[in-house]
Amino acid sequence: MEKQFEFTSDELENKLKGFKQQGITELTVHDQLLAKDKARLIKFLKAVRSDAPELFVSIKISPQIIDMEVVRALSCINCSVEMDFVQTVKGFDKKLYARKCALLNQAALVFGVNLYFAEVPEAKGEGCALEEKSASGPFGKKKGSNCSGGKGAGGAGSTASDSKALIVNGAGKNASSAAFSQDSLKAFKDRLDFTIAQYPNHIDFPQIEEKQEKSASSANISLSSLPSASASFSAQDIRFARDIAFACRTFYSAGRAVPWFNSILMLLRIQASAFFADFAEWQRVNNCDFKSGYLPEEESHENIEKMQILFLDMKLEEKRKGQALQAVNDIVRLNGAFSRLVSDGQETVIETEYNPDDLLSPESMDILSFANDVCMCPCRVQIFINSDGEPDYRLV
């Protein structure tokens with residue numbers, strides 16, 4: 001059973017030294033002061049490095065303050081960066097966000113993104129949640145806990161028996177429910193396409209997650225729980241954007257698809273938003289869409305992987321790319337097995353039609369060329385943690 005402790009954000013830094021004794025190994029921080037103040041942020045990251053180096057820290061940071069100095073400080077601890085990608089009255093600054101994501105990617109730092117539709121986030125709730133979980137790894141890490149401490153994050157290694165959560169008091173949420181007059185469905189889809197191309201570990205849509213959590217006991221979630229319509233963002237468009245966002249949340253984030261998803265888009269010659277629109281329809285037909293009350297975070301990754309493969313098989317046949325079907329299945333299943341090893345500590349043996357050395361090589365990024373040029377070599381592959389504590393594989 002979780003135990004919760006409350007502190008102010010000013011007290012957090014002084015409490016770091018005691019976390020190890022309390023058995024706390026993961027910290028999620030959403031604090032406005034840290035997110036926007038570079039000097040204060042770096043001071044906090046240095047404190048984590050010196051006082052609690054065992055912590056995995058998921059921390060929300062304003063993209064505007066991310067530079068090489070911040071990246072170097074982040075690289076010294078085990079962490080994931082969370083950012084808001086928002087549209088302002090000046091538009092959506094792709095150049096800014098692309099530069100910041102490039103800095104994080106070059107340093108091999110894990111990061112996630114919050115996206116919004118038909119709404120401008122104002123004074124989003126600040127605070128931090130802290131839970132006892134294990135650290136993350138490179139193969140599609142689950143997202144960390146949200147501000148309420150309600151969601152855990154996966155990680156490599158063992159999970160302690162008694163989890164604890166820390167909530168740091170913050171400013172509260174005060175987001176307008178009216179649609180932003182300059183936003184539109186087309187603009188939202190463009191933001192989503194851009195964000196996927198930056199290789200975020202996960203994409204969150206706070207609007208639908210908050211509304212669904214509040215309505216979890218009801219299968220019928222009304223339109224009134226979503227942003228209001230406007231001249232540029234109709235009620236029908238808002239419902240469509242909601243369904244696209246939920247499809248992304250299921251397929252990409254809960255499905256841990258970051259290692260291979262852009263390769264799939266290149267193979268299918270389709271934009272991410274169009275892919276998720278098709279998957280949203282697939283979810284509706286199969287009664288696992290937003291309105292059904294389905295919660296992908298509560299589903300096992302194995303089951304979501306089965307959904308991914310079923311849908312991808314259908315899309316490959318539709319696009320007449322059936323020759324790549326086995327390569328796609330192997331890539332999805334091999335990466336999925338690694339993600340479960342890292343996130344859940346689950347060792348497994350899978351059968352593939354291609355050698356895992358080939359499947360994990362740079363050549364597999366171009367799936368169609370890979371399927372045409374690489375010879376099949378049926379294998380049984382064991383996914384395990386080696387003696388150095390790192391994810392590994394071997395033929396058995």
Side-chain angles (χ1 to χ4, degrees), residues 7 9-84 96-113 126-145 152-160 164 166 168 198-202 258 342-343 385 388-391:
F7 304 92
S9 57
D10 291 333
E11 294 176 321
L12 177 59
E13 192 172 318
N14 296 327
K15 299 293 183 179
L16 288 172
K17 292 182 179 179
F19 287 171
K20 184 175 182 179
Q21 185 177 1
Q22 292 175 279
I24 296 168
T25 59
E26 181 179 339
L27 172 68
T28 301
V29 182
H30 289 179
D31 183 84
Q32 187 174 17
L33 294 176
L34 286 176
K36 297 182 178 180
D37 188 328
K38 175 183 169 181
R40 185 167 184 155
L41 171 65
I42 292 176
K43 181 174 180 287
F44 172 74
L45 295 175
K46 289 180 177 179
V48 171
R49 182 185 180 186
S50 61
D51 297 338
E54 71 285 350
L55 275 181
F56 172 76
V57 180
S58 176
I59 184 165
K60 190 168 186 178
I61 302 177
S62 172
Q64 284 76 7
I65 70 168
I66 295 175
D67 58 15
M68 284 304 302
E69 187 179 3
V70 171
V71 168
R72 282 193 293 269
L74 290 166
S75 299
C76 292
I77 64 173
N78 190 17
C79 68
S80 172
V81 176
E82 310 298 324
M83 299 182 288
D84 280 338
L96 170 70
Y97 295 137
R99 287 198 309 270
K100 306 307 182 178
C101 290
L103 286 173
L104 297 172
N105 281 322
Q106 289 166 8
L109 288 168
V110 174
F111 66 93
V113 171
E126 309 296 343
C128 71
L130 186 148
E131 293 187 86
E132 180 171 319
K133 298 283 183 180
S134 46
S136 70
F139 296 100
K141 185 190 77 66
K142 285 184 183 178
K143 63 184 176 181
S145 308
S158 61
T159 301
K164 301 177 178 65
L166 168 70
V168 173
Q198 309 312 307
Y199 287 87
N201 180 72
H202 54 270
V258 60
V342 171
S343 296
I385 297 292
D388 295 326
E390 297 294 330

*Asks:* Within this structure, what is the CZ-CG distance for the pair Arg72 and Leu45, rounded to the nearest 0.5 Å?
*Replies:*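 Rounded to the nearest 0.5 Å, the CZ-CG separation comes out at 13.0 Å.
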
*Asks:* With sequence neighbours excluded, what pairs up with Ser62 under the side-chain hydrogen bond (donor to acceptor under 3.5 Å, both in side chains) test?
*Replies:*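 Checked Ser62 against side-chain hydrogen bond (donor to acceptor under 3.5 Å, both in side chains); matches are Gln64.
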
*Asks:* Less than 4.5 Å apart, any side-chain heavy atom of Cys101 and any of Met83?
*Replies:*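 Yes; the side chains approach each other to less than 4.5 Å.
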
*Asks:* Is the closest side-chain heavy-atom distance between Phe44 and Ile59 below 4.5 Å?
*Replies:*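 SC-SC contact between Phe44 and Ile59 confirmed.
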
*Asks:* Who passes side-chain contact (heavy atoms from CB on, under 4.5 Å) against Ala98, sequence neighbours left out?
*Replies:*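 So Ala98 forms a side-chain contact (heavy atoms from CB on, under 4.5 Å) with Phe194, Gln198.
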
*Asks:* With sequence neighbours excluded, what pairs up with Asp67 under the side-chain hydrogen bond (donor to acceptor under 3.5 Å, both in side chains) test?
*Replies:*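 Per chain and number, Asp67 pairs via side-chain hydrogen bond (donor to acceptor under 3.5 Å, both in side chains) with Lys38.
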
*Asks:* Please report the interatomic distance CG(Asn201) to CG(Leu109), rounded to the nearest 0.5 Å.
*Replies:*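 If I round to the nearest 0.5 Å, the distance is 11.5 Å.
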
*Asks:* Atom CD of Gln106 and atom CE of Met68: how far apart are they, to the nearest 0.5 Å?
*Replies:*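 Those atoms lie 7.5 Å apart.
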
*Asks:* Taking atom CG of Leu34 and atom CD of Glu13, what is their separation to the nearest 0.5 Å?
*Replies:*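 Leu34 atom CG to Glu13 atom CD measures 8.5 Å (nearest 0.5 Å).
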
*Asks:* If the condition is side-chain contact (heavy atoms from CB on, under 4.5 Å), which residues does Ser50 pass it with, not counting sequence neighbours?
*Replies:*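 Scan of Ser50 (side-chain contact (heavy atoms from CB on, under 4.5 Å), adjacent residues dropped) gives none.
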
*Asks:* So, the side chain of Asp37 versus the backbone of Leu33: is there a donor-acceptor pair under 3.5 Å, distance only?
*Replies:*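 No.
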
*Asks:* Tell me, please, which residues at least two apart from Lys46 pass side-chain hydrogen bond (donor to acceptor under 3.5 Å, both in side chains).
*Replies:*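 Partners of Lys46 by the side-chain hydrogen bond (donor to acceptor under 3.5 Å, both in side chains) criterion come out as none, since no residue qualifies.
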
*Asks:* Would you say the side chain of Leu55 lies within less than 4.5 Å of the side chain of Leu16, judging by non-hydrogen atoms?
*Replies:*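 Yes; the side chains approach each other to less than 4.5 Å.
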
*Asks:* Considering non-hydrogen atoms only, spot the tightest contact between Phe56 and Ser80 and give its length.
*Replies:*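 Shortest heavy-atom contact: CZ-CB, 3.6 Å.
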
*Asks:* Just so I know, are the side chains of Phe19 and Asp51 near enough to count as touching, which here means a heavy-atom distance under 4.5 Å?
*Replies:*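 The answer is no, as the side chains (C-beta and beyond) never meet within the 4.5 Å cut-off.
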
*Asks:* Considering only residues two or more places apart or on different chains, which pairs with a residue in residues 104-113 satisfy salt bridge (charged side-chain N to carboxylate O under 4.0 Å, His left out)?
*Replies:*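 Passing the test, one end in residues 104-113: no pairs.
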
*Asks:* Can you give me the closest heavy-atom contact between Val70 and Ile65, atom names plus distance?
*Replies:*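 Closest heavy-atom pair between Val70 and Ile65: CG2-O, 3.4 Å.
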
*Asks:* Mind checking the CG-CZ spacing from Leu104 to Arg99? Nearest 0.5 Å is all I need.
*Replies:*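 Here the interatomic distance stands at 13.0 Å.
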
*Asks:* Using every non-hydrogen atom in the two residues, find where Phe111 and Tyr199 come nearest and quote the distance to one decimal.
*Replies:*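 In terms of heavy atoms, the two residues are closest at CZ-O, 3.8 Å.
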
*Asks:* Could you check whether any side-chain heavy atom of Val29 comes within less than 4.5 Å of a side-chain heavy atom of Glu82, counting everything from C-beta outward?
*Replies:*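 Not touching, per the 4.5 Å side-chain cut-off.
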
*Asks:* State the CG-CG distance between Leu27 and Asn78, to the nearest 0.5 angstrom.
*Replies:*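 Answer rounded to 0.5 Å: 12.0 Å.
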
*Asks:* Go through it in stages, so that I can follow the logic: the residues are Leu12 and Asp31, the test is side-chain contact (heavy atoms from CB on, under 4.5 Å), and I'd like the CA-CA distance, side-chain angles, deciding distance and then a yes or no.
*Replies:* CA-CA 11 Å; Leu12 177 59; Asp31 183 84; over 6 Å; no

*Asks:* Minimum heavy-atom separation for Pro391 and Val342, please, with both atom names.
*Replies:*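 Of all heavy-atom pairs spanning Pro391 and Val342, the closest is CG-CG2, 3.7 Å.
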
